[in-house]
Amino acid sequence: MLSLPSLLSARVQDVAGIDPELRPATRPQFGHYQSNVALRLAKAAGRPPRDVAADLVAKIELDDVCEPLEIAGPGFINLRIKSEVLARVASEVLADERAGIGAASVPKTVVVDYSSPNVAKQMHVGHLRSTIIGDCFTRVLRAQGHQVIPQNHIGDWGRQFGMLVEQILEEQLDLSALDLPGAEALYQRANTHLKESEEFADRARERVVKLQAGDAETKQLWRQLIEVSLAGFNDTYRRMNILLTDADLAGESTYNADLAVVAQDLESRGIAKVDDGALAVFVEGQSTPAIIRNAQGGFGYTCTDLAAIRHRVGELGANRLIYVVGSPQEFHFRQVFTVARMAGYLPETVSAEFVGFGQVLGADGKKFSTREGTAVTLNSLLDAAEEQAAPSIALAAIKYADLSSGLQKDYTFDAERMVATTGDTGPYLQYAHARANQILRKAEAEGYPFTDVTVLGEPAEQQVALLLSRFGEVVAAVGETLQPHRLCGYLYELAGALSVFYEQCPVLKSEGEVRSSRLALCAATKKVLASGLDLLGIEAPERM
Ligand code: ARG
């Protein structure tokens with residue numbers, strides 16, 4: 001499919017010799033794209049910019065695509081795409097099963113680490129964000145033709161299992177009747193018990209040793225706790241229309257057998273050193289070392305993540321690693337990446353990107369928590385949104401609120417505002433899609449045929465077509481920069497352009513070729529809205 005922006009860039013660059021850095025025009029009277037290339041060249045050559053612009057315009061060959069180029073102000077070059085070209089591109093979007101999303105020129109194997117909740121604990125708002133953002137990355141990168149391997153790095157190993165198993169045994173708890181909230185309640189009882197009783201704490205410690213040694217009864221109970229938790233996580237994933245399945249699970253315990261190997265490897269090559277009984281890697285410029293093995297001989301979170309990198313690069317063949325985890329863990333990942341580079345587990349040919357995100361705040365502007373001050377569970381949040389709207393709309397509201405501003409920013413969970421069908425919200429985009437669908441249904445019922453976009457006489461029509469031609473580049477930019485808000489902003493602009501188009505251009509009431517072309521334009525827009533929403537993990541209902 002023809003990518004207009006890259007075609008325009010290439011033709012200008014052929015003459016200018018440098019990247020014209022085309023930008024969408026800021027006002028309709030400046031055409032569709034603008035370039036400051038003449039100003040930059042003039043500066044270097046010490047010539048008047050408008051003269052340079054005139055020279056360029058005389059030589060640039062774009063007659064087949066653009067109206068005659070214009071020079072504006074101090075020497076900007078304005079490009080206006082011919083309406084028949086825009087019509088052709090809109091028709092291509094309509095005909096293309098991928099709605100204009102181009103395939104990546106260099107397909108990669110991308111591991112995306114996201115969601116990653118902890119066993120015997122319900123997912124909280126932090127996991128909500130990780131899950132929604134990671135799901136969006138998986139969808140976008142897959143659509144571009146990359147091989148995406150999601151990794152759900154659940155917390156299924158660690159000292160907490162000692163107290164959990166001891167508590168189960170003491171209470172003679174029937175695990176077959178346990179669900180995830182029940183497991184979380186068990187966690188809290190065990191925790192209280194641990195703080196109150198030295199004797200219980202001792203037993204819990206011994207139980208950890210038994211678990212590590214592979215004691216059958218202990219392992220059995222540990223596995224059951226994982227099963228109970230997974231059932232709860234999977235319910236939430238299904239409820240949220242998240243792509244993760246059990247095939248994507250790679251919990252911390254997956255790496256148990258590798259931990260000693262990693263420690264040995266780092267120590268024998270002199271990368272890690274014993275310091276105060278612990279095995280540590282001192283990283284230049286970092287005040288705290290990376291602890292590979294603690295003084296008691298235990299391996300922790302850092303060593304596990306190093307083993308995971310080794311596996312992801314060495315065995316899964318990843319050449320891009322993405323981690324979607326709350327910003328407080330940024331230092332941990334920076335350190336892990338540095339150590340992995342030092343050790344050669346992460347060669348220079350493989351990128352590692354930490355994508356942090358801000359907190360979800362309550363209406364009071366404070367960190368979101370329940371009245372009792374405990375962390376809000378993800379399910380209660382979904383319930384709150386569903387009190388305001390139907391499930392698919394409530395979900396759209398939450399996901400869009402999560403993805404539509406810079407990920408680093410905190411955002412306020414305001415269910416009422418998020419579900420509004422006006423303003424920059426998920427439901428507004430769903431509504432725009434449903435409205436386009438409504439027109440098409442009517443046209444079908446009235447027997448109006450359409451196939452292609454052929455005439456675009458009105459500026460409002462041209463604006464819609466111009467935006468449609470940009471969809472592919474927006475998706476590519478999201479795949480590269482991992483900034484979903486760009487796609488949200490684009491879809492919002494498209495929905496806005498569509499409603500201006502309805503206002504200014506009658507569709508069903510027009511006639512002949514104009515009507516069929518307008519219907520085709522509606523259909524192409526509907527397609528891009530649906531495809532774009534799908535990349536955000538949002539359903540596009542046919543009716544609302
Ligand atoms: N389970 C961790 C938590 O809830 C997140 C794990 C993130 N991924 C990783 N590879 N460390 O905080």
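Counting convention: from 1, in listed order, for ligands and their atoms alike. We're numbering straight along the sequence, starting at 1. Reckoned from all heavy atoms, side chains included, excluding hydrogens, waters and symmetry mates.
- For Tyr323 and Phe337, the gap between ring centers is short of 6.0 Å.
- Using a 4.0 Å cut-off between charged nitrogen and carboxylate oxygen, Arg239 and Asp235 do not count as a salt-bridge pair.
- Of the options Gln212, Glu166, Arg223, Arg207, a side chain to side chain donor-acceptor pair (under 3.5 Å) to Thr218 is made by Arg207 and by none of the others.
- For the pair Lys210 and Glu206, the salt-bridge criterion is not met [side-chain N within less than 4.0 Å of a carboxylate O].
- Atom CG of Asp276 has 12 or fewer heavy atoms from other residues, nucleotides or ligands within 6.0 Å.
- Near ligand 1, Asp113, Ser116, Asn118, His127, His153, Tyr301, Asp305, Tyr323, Val325, Gln329, Phe333 each place a heavy atom less than 4.0 angstrom from the ligand.
- Salt bridge absent: Lys527 and Glu97 never bring a charged side-chain N and a carboxylate O closer than 4.0 Å.
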